[in-house]
Amino acid sequence: GKPLPKKDLGLMAMSYRNVYVARVAMGANKVQAVRAFNEADAYNGPSIIIAYSHCIAHGIDMSRGLEQQKRAVDSGAWILFRYNPDLIKQGKNPLKLDSKEPSIDIEEYVNNEIRFRSLKKSHPDLAAKYLAQARENVKMNYKYYKQLAELEY
């Protein structure tokens with residue numbers, strides 16, 4: 001755990017306004033992921049797809065990795081979106097928010113990973129503080145992406 005919000009590579013890449021950007025998680029939404037790959041391939045310019053990739057270092061049962069990806073998306077810790085600059089030329093908002101509002105508490109996601117559970121065991125007060133911060137970050141991030149996706153062009 002750390003007290004700072006994560007850097008948002010997707011927002012950084014979108015700031016160039018000429019890069020196709022998507023964030024995907026196969027375990028949460030296969031159709032959205034395939035759509036993102038197809039759009040990135042069709043885009044005549046640089047493309048970046050940021051994919052949630054579970055890993056053994058997370059301390060999860062690897063046979064349940066896709067379920068953990070779904071929890072990440074359902075908790076709002078991993079927001080799915082597609083940003084296609086070609087839509088700007090059509091007068092449309094280039095950002096499509098593919099995630100729904102968080103439907104589970106982020107604790108349900110983080111408690112499945114050893115890195116978070118070990119912090120809870122070794123420093124329960126700090127873990128509680130970071131969890132509260134993570135809940136706020138989830139709310140703020142989703143609200144921010146939703147506002148961006150609703151902008152008129």
Please confirm whether the ring centroid of Phe81 lies under 6.0 Å from the ring centroid of Tyr145.
yes

Heavy-atom side-chain contact between Ile48 and Val19 under 4.5 Å
yes

Euclidean distance, Asp74 CG relative to Glu67 CD, rounded to 0.5 Å:
11.5 Å

Phe37 vs Ile49 side-chain heavy atoms within contact, under 4.5 Å:
yes

How long is the span from the OG atom in Ser103 to the NZ atom in Lys70, to the nearest 0.5 Å?
6.5 Å

With a sphere of 6.0 Å drawn around CG of Asn38, does it hold more than 12 non-hydrogen atoms of other residues, nucleotides or ligands?
yes

For Tyr153, does the OH atom have more than 12 heavy-atom neighbours from other residues, nucleotides or ligands under 6.0 Å away?
yes

With no hydrogens and no angle check, is any side-chain donor or acceptor of Tyr142 less than 3.5 Å from a backbone partner on Ser99?
yes

Mark yes or no for whether Asp98, through its side chain, and Leu80, through its backbone, hold a donor-acceptor pair below 3.5 Å.
no

Please round to the nearest 0.5 Å and tell me the distance separating atom CD1 of Ile114 and atom CD1 of Ile56.
9.5 Å

Are Leu9 and Tyr20 connected in a single hydrophobic cluster, I mean Ile/Leu/Val/Met/Phe/Trp/Tyr linked by side-chain heavy atoms less than 4.5 Å apart?
no

Please, which pairs that meet salt bridge (charged side-chain N to carboxylate O under 4.0 Å, His left out) have at least one residue in residues 101-110, sequence neighbours excluded?
Asp105-Arg135, Glu107-Lys120, Glu107-Arg135

Note, Lys129 side chain near Gln133 side chain (heavy atom, < 4.5 Å)
yes

Can you tell me how far CD1 of Ile106 sits from CH2 of Trp78, rounded to the nearest 0.5 angstrom?
12.5 Å

Once salt bridge (charged side-chain N to carboxylate O under 4.0 Å, His left out) is applied, what residue pairs with a partner in residues 138-153 remain, sequence neighbours excluded?
Glu136-Lys139

Measure across Asn93 and Leu95 and return the closest heavy-atom pair with its distance rounded to 0.1 Å.
OD1-N, 2.8 Å

Between the main-chain N or O of Asn137 and the side-chain N or O of Asn141, is there a donor-acceptor pair closer than 3.5 Å?
yes

Tell me the salt bridge (charged side-chain N to carboxylate O under 4.0 Å, His left out) pairs involving residues 30-40, sequence neighbours left out?
Glu39-Arg82

In this structure, CD of Gln68 is separated from CE of Met62 (nearest 0.5 Å) by 11.0 Å

Under 3.5 Å donor-acceptor, Asn84 side chain and Pro94 backbone:
no

In the single-linkage hydrophobic clustering (I, L, V, M, F, W, Y; side-chain heavy atoms under 4.5 Å), do Leu11 and Val73 co-cluster?
yes

Are the charged groups of Lys89 and Asp86 less than 4.0 angstrom apart, N to O?
yes

Grab the two heavy atoms, one from Ala72 and one from Tyr52, that are nearest each other, plus how far apart they are.
CB-CE1, 3.6 Å

Grab the two heavy atoms, one from Ala13 and one from Val21, that are nearest each other, plus how far apart they are.
CB-CG2, 3.6 Å

How are the rings of Tyr109 and Phe116 set relative to one another: parallel (under 30°), tilted (30 to 60°) or perpendicular (over 60°)?
tilted

Rounded distance (nearest 0.5 Å) linking atom OH of Tyr144 with atom CD1 of Ile79
11.5 Å

Looking at Arg71 and Ile104, what are the two nearest heavy atoms and their distance?
O-CD1, 3.7 Å

Smallest heavy-atom separation, Ala22 atom then Ala36 atom, equals CB-CB, 3.6 Å

Validation row: Ile88, Tyr83 side chains within 4.5 angstrom (heavy atoms)
yes

Contact check, side chains of Pro85 and Tyr43, non-hydrogen atoms, under 4.5 Å:
yes

Counting only heavy atoms not in Arg117 (residues, nucleotides, ligands), do more than 12 fall under 6.0 Å from its CZ?
yes

